[in-house]
Number of protein chains: 2
Amino acid sequence: MHELLYKKITEIISISEEEFNFCKTLFVPKKLRKRQFLLQEGDVCKYTTFVTKGLLKSYTIDNKGTEHILQFAFEGWWIADLYSFLTEQASLFNIEAIENCELLLITKFSREQLLNKVPSFERYFRILVENNLIATQKRLMGNLSETAEEKYTNLINNFPGCIQRIPQHMIASYLGITRETLSRIRSQIATRK
Amino acid sequence: MHELLYKKITEIISISEEEFNFCKTLFVPKKLRKRQFLLQEGDVCKYTTFVTKGLLKSYTIDNKGTEHILQFAFEGWWIADLYSFLTEQASLFNIEAIENCELLLITKFSREQLLNKVPSFERYFRILVENNLIATQKRLMGNLSETAEEKYTNLINNFPGCIQRIPQHMIASYLGITRETLSRIRSQIATRK
DNA sequence: GTAATCGCGTGATTTAGATCAATACAATTT
DNA sequence: AAATTGTATTGATCTAAATCACGCGATTAC
């Protein structure tokens, strides 16, 4: 159950078996059915979540009722509302299972314990968040400069797997375009070939 | 010269006088004239920069020749091409002085030394990058959901100072709209009052 | 087993913002 | 003092993508 967690951590830092055994005790396992919420807007995000199985999305609903997806999280990824988790303020995001999921949750308090007892985790989480920032900056710049079609083709080049598992209307919402536009783009690309 | 740096660091972590004295030795001071480059696209970003005076921007130029601004950096802020700095790959961004600047530069190597000798800096940089990620996520979501006018009014609400110091066409470029659109929005807002 | 919801495609129309173009007037540079 | 460059405005036109609207299989629910 914790193999993937161990694998992902040791890709970035080295830890001893004892340290990982301690680490394991701090996580709470949780299963989620498709369409269930891990977090709802307005609640405080009490956990940072590691995905061992399945797929989730974090998103907001704007004042017109449109969904905007911040992140997808596949197996081996982390997901949380970082702002809410760190400040313990009401969350701005929803986190919802796209597929049935198996998760490992860690509270802010437990994470602090981990950081104190195994200081190399300070480095681990710094690097995680650095990589996330780099990816988010890239996505932001892409959004400012690319056409709808470029956004889509770049996405499928960077994450070829996602088209198999994520419904089109969610991909559209992640890209910041409508489902109709994405549908038209896809048929254009198909006929061009 | 290092007072602002000291102030900003100790807002987040506690360090001793010796530790800060060691820290100081790792930074190289640099002055930059308005329009000078701190980094040019294609070069490796060798430094993370702390701004003690002045104002800079990081930006890309897309294939149509349009400038897209990732970040402004005022006094007390940090700026770098994080991807290039961490991976030592060619930079995707330019960093350029908007005003005459006084800067403190630290190399990746010196930063590693600092992290090793004063481990609480691990925490400092983690928190910096966490806050940056939260802000970038917020900006991204805003870009997906807001109109041009909303983007502008949110910006001036969050950073009232920026309109005084940043030319309008750069604000437009930061918001992902054209100077003409921003100009029209401003005159609409003005006549509405 | 049939009603309801979900996911996708496609056509007609609208619109926010881009693009193209001309002007004005600082602020620098020479 | 003249020339150049940077910054902002305002008008006319265009266009990429949104919106509105409908049909139609595939799942899911009761």
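Only a predicted model underlies this, so the values are computations on that prediction, with no experimental measurement involved. Chain letters run A, B, ... following the sequence lines, proteins first, then strands; residues in each count from 1.
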Pair B/Ser91, B/Asp81 - check side chain to side chain donor-acceptor pair (under 3.5 Å), show working. CA-CA 7 Å; B/Ser91 168; B/Asp81 176 342; 2.8 Å; yes
Which letters describe nucleotides 12-30 of chain D, given B = protein heavy atom under 4.0 Å from base, S = only from sugar-phosphate, - = neither? B----SSBB----------
With side chain to side chain donor-acceptor pair (under 3.5 Å) as the rule and sequence neighbours excluded, what pairs involving residues 131-141 of chain B come up? B/Asn132-B/Thr136
Terminal helix-axis angle for the helix from C/dG1-D/dC30 to C/dT30-D/dA1, with five pairs defining each axis and rounding to 10 degrees: 50°
Pairs satisfying ring-ring contact (aromatic ring centres under 6.0 Å, His included), at least one member in residues 5-35 of chain A, at least two apart: A/Tyr6-A/Phe20
Is there a donor in the side chain of A/Gln89 and an acceptor in the side chain of A/Tyr83, or the other way round, less than 3.5 Å apart? no
B/Glu99 atom CD is separated from D/dG6 atom P, nearest whole Å, by 17 Å
Scan for salt bridge (Lys or Arg N to Asp or Glu O under 4.0 Å) pairs involving residues 10-30 of chain A, sequence neighbours excluded, and state none if there are none. A/Lys7-A/Glu11, A/Lys8-A/Glu11
Rounded to whole Å, the CD1-P distance (A/Ile163 to C/dG7) equals 17 Å
From CD of B/Gln164 over to P of D/dA8, roughly how many Å is that when rounded to an integer? 13 Å
Given atom CD1 of B/Ile189 and atom P of D/dA8, what is their separation to the nearest angstrom? 15 Å
Would you list the pairs meeting salt bridge (Lys or Arg N to Asp or Glu O under 4.0 Å) in which at least one residue belongs to residues 152-177 of chain A, sequence neighbours left out? A/Glu75-A/Arg165, A/Glu99-A/Arg165
In whole angstroms, how far is the C1' atom of C/dA16 from the CD atom of B/Glu150? 12 Å
Scan residues 35-53 of chain B for pairs that pass salt bridge (Lys or Arg N to Asp or Glu O under 4.0 Å), counting only residues two or more places apart or in two chains. none
Would a hydrophobic clustering, with Ile, Leu, Val, Met, Phe, Trp and Tyr connected at side-chain separations under 4.5 Å, put B/Trp77 with A/Leu140? no
For A/Gln71, side chain to side chain donor-acceptor pair (under 3.5 Å) partners two or more places apart: none
Are A/Phe37 and A/Leu103 connected, step by step, through hydrophobic side chains (Ile, Leu, Val, Met, Phe, Trp, Tyr) whose heavy atoms are closer than 4.5 Å? no
Members of residues 67-75 of chain A that approach DNA chain C, where some heavy atom sits under 4.0 Å away: none
Selection: residues 165-173 of chain B, any non-hydrogen atom under 4.0 Å of DNA chain D: B/Pro167, B/Gln168, B/His169
N-O pairing of A/Arg126 and A/Glu122 below 4.0 Å: no
Listed partners of A/Phe72 passing ring pair (Phe, Tyr, Trp, His ring centres under 6.0 Å), at least two apart: A/Tyr174
Show every ring-ring contact (aromatic ring centres under 6.0 Å, His included) that has at least one partner inside residues 102-143 of chain A, sequence neighbours left out. A/Trp78-A/Phe125, A/Phe121-A/Tyr124
